[in-house]
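Just so it is clear, the model here is predicted, and its values are computed rather than measured.
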Amino acid sequence: MTVAEIRPATVEARGWGWRHASRLAWALRDVSLRIGPGERVLLLGASGAGKSTLLHGLAGVLGGDEEGEAEGELLIDGIPAAASRGRTGLVLQDPDSQVILARVGDDVAFGCENLGVPRDEIWHRVGHALDAVGLNVPLDRQTKALSGGQKQRLALAGSLAMRPGLLLLDEPTANLDPEGVADVRDAVERMLAEQRTTLIVVEHRLDVWLPLIDRVVVIGDGGVIADGPPDHVLSVQGERLAQAGVWVPGFPPASPPPPASAPGEALVSARDLAVARVRGVTVAHGIDVDVHAGSTLAITGPNGAGKSTLGLTLAGLLPAAAGSVTASASLRAGAGPTPIGWSSRQLLTRIGTVFQEPEHQLLATTVRDELAIGPRSLGLAEGEVSARIDELLQRLRLDGLARANPYTLSGGEKRRLTVAAALATRPPVLVLDEPTFGQDARTWQELVAMLAALRDEGTALVTVTHDLDVVAALHAERLTLAASA
């Protein structure tokens, strides 16, 4: 199929709903809307409103009866979405879940191969797609060597290479640096200029997408609560939507007050530190930094600079490639001087870590049991375990999901769950990788306020982030890593 022959898809929902197998409440119900061929739609809603569920339904990847219950119809070009997978390209919130093959070129080519695209045409499309998203790496680069942001561009390139009639983007820029955000947005714009693909994009931060889209649909309370041209929806209904948690320009969330006191002692210190995820491949070096009690250290910089690797090294989960990471006497009491030498139990009560990808640290089958893992491993009495869990469920708006399977949560809900799980053991040092990823305006405000309160109680915070609003809100000391050579 040539570019000229690509037909933009028509999308229609007729009283459609979905309920996960482990839930009593419906994720979405009675959703009815029509999206015409070539329309560009921004899908908004609070965290947990069902935005990703709708995109997964359109992509035909929700699963069968064992995964949940559907009602109504969800159609692409008049055909059930589950039977129209070749017409749809989906970029998920978590790019790791879409990396299939070991090499970059093969991974981008995978979708085209499944569609039966001729071999010569496939590699033409692969090169074009990688150029479009600004992923300038060799075709034989190992996908495991890519940063989280680079994997996100890889996932987008794989979808673009398929030349879909419907492109679904689920927070495609959430883990990208500002340059990467612009690259992805520009790549989508170039694609839309070449082919009249129907576009549905989910993003909490919408400024970057407003110039590209011609319609805003807002979902909440299980169905559609607003639908129309961007100016009308965001101006006429902006205040109401902001109160519901939707990010609306001109309605910023409140920030917490400055730190209540000066920083305390340095709990973790790095000297002439070099860090590496793969042995022998240093991604950042010459780092001298102290992590102080009652303060926040923000690690910033472009994708691939080594921010997450540095965070994991400070947390005692990766060995230093060179130099040293040491803990203060008060933090290490009863353990060795270097966090990398501590046992998992010793780490549990000293340094808590929240990974960039929430799925990498989910272990239990319910939200409540997930929060109980740390406290129970410390041998706490069940009454104390329950008290800690109940407090965290309420503070992070997870109380209504206590019995849900963690894997059925939205991206923002999973992030709050992993933050809560790290807090359950009350460590004096907390390392968080992109803690505000996937949050709506209301949960962003609540999460940042909670982190500020922990800081003021003496916790040392380390946050790896592209969200400069978090850096400002937490009055963080900023350590910026340069791009890797």
Do side-chain atoms of [X] reach the backbone of [Y] as a donor and acceptor pair under 3.5 angstrom?
| X | Y | result |
| --- | --- | --- |
| Glu370 | Leu363 | yes |
| Arg350 | Ala333 | yes |
| Arg388 | Ala424 | yes |
| Glu171 | Val202 | no |
| Arg415 | Gln356 | yes |
| Asp288 | Asp272 | yes |
| Arg125 | Ala161 | yes |
| His56 | Val61 | no |
| Gln439 | Thr436 | no |

Check whether any side-chain heavy atom of [X] sits under 4.5 Å from a side-chain heavy atom of [Y], and report yes or no.
| X | Y | value |
| --- | --- | --- |
| Arg215 | Val217 | yes |
| Val233 | Leu42 | no |
| Pro259 | Asp456 | yes |
| Thr418 | Leu362 | yes |
| Leu432 | Val419 | yes |
| Ser47 | Arg416 | yes |
| Pro427 | Ile351 | no |
| Lys51 | His204 | yes |

Taking [atom1] in [X] as the centre, count heavy atoms belonging to other residues, nucleotides or ligands within less than 6.0 Å. Is the count above 12?
| X | atom1 | answer |
| --- | --- | --- |
| Arg190 | CZ | yes |
| Asp186 | CG | yes |
| Glu239 | CD | no |
| His475 | NE2 | yes |

ask   = Is the NZ or CZ atom of Arg332 both under 6.0 Å from the centre of the six-membered ring of Trp342 and within 45° of that ring's axis?
value =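 Negative - Arg332 is either too far from the ring of Trp342 or too far off its axis.
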Could you grab the distance from atom [atom1] of [X] to atom [atom2] of [Y], nearest 0.5 Å is fine?
| X | Y | atom1 | atom2 | result |
| --- | --- | --- | --- | --- |
| Arg455 | Leu430 | CZ | CG | 13.5 Å |
| Ile200 | Leu168 | CD1 | CG | 5.5 Å |
| Gln98 | Leu156 | CD | CG | 9.5 Å |
| Leu192 | Thr198 | CG | OG1 | 9.5 Å |
| Leu135 | Leu146 | CG | CG | 6.0 Å |
| Glu189 | Leu199 | CD | CG | 11.5 Å |

How close do [X] and [Y] get, heavy atom to heavy atom, and via which atoms?
| X | Y | value |
| --- | --- | --- |
| Ile225 | Gln237 | O-OE1, 4.0 Å |
| Val104 | Pro138 | CB-O, 4.0 Å |
| Ala441 | Pro253 | O-CB, 3.7 Å |
| Ser377 | Leu348 | OG-CD2, 2.7 Å |
| Leu234 | Pro249 | CD1-CD, 4.4 Å |
| Arg103 | Leu139 | CB-O, 3.8 Å |

Say whether [X] and [Y], considering side chains only, have a donor N or O and an acceptor N or O under 3.5 Å apart.
| X | Y | answer |
| --- | --- | --- |
| Asp107 | Thr143 | no |
| Thr338 | Thr326 | no |
| Asp469 | Trp444 | no |
| Ser330 | Glu265 | yes |
| Arg478 | Thr300 | yes |
| Thr408 | Asn405 | no |
| Arg271 | Ser324 | no |

inquiry  = Does Leu210 form a side-chain contact (heavy atoms from CB on, under 4.5 Å) with Leu206? I'd like the steps, not just the answer.
reply    = CA-CA 6 Å; Leu210 284 176; Leu206 53 145; 3.9 Å; yes
message = Run the side-chain contact (heavy atoms from CB on, under 4.5 Å) test on Val431 and Val354 for me, step by step, so that the C-alpha distance in whole Å, both residues' side-chain angles and the decisive distance to 0.1 Å come before the verdict.
response = CA-CA 6 Å; Val431 179; Val354 176; over 6 Å; no
key: Basic-acidic side-chain contact under 4.0 Å: Asp390, Arg368   = yes
query = Can we say Glu391 and Arg426 salt-bridge, meaning some charged N sits less than 4.0 Å from an Asp/Glu carboxylate O?
reply =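 Counted as a salt bridge, because a side-chain N and a carboxylate O are separated by less than 4.0 Å.
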request  = Apply the side chain to side chain contact (heavy atoms under 4.5 Å, CB included) test between Val289 and each candidate in Val268, Leu479, Ile299; give the one that qualifies.
outcome  =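 Among the candidates, only Leu479 passes.
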query = Going through the distances and angles, do Leu451 and Leu474 end up as a side-chain contact (heavy atoms from CB on, under 4.5 Å)?
reply = CA-CA 8 Å; Leu451 292 176; Leu474 292 176; 4.2 Å; yes
key: Candidate pair His20 and Thr53, rule side-chain contact (heavy atoms from CB on, under 4.5 Å), full reasoning   = CA-CA 10 Å; His20 293 286; Thr53 299; 4.0 Å; yes
inquiry  = One pair to check against side-chain hydrogen bond (donor to acceptor under 3.5 Å, both in side chains): Glu203 and Thr173. What are the steps and the verdict?
reply    = CA-CA 8 Å; Glu203 279 282 8; Thr173 63; 2.7 Å; yes
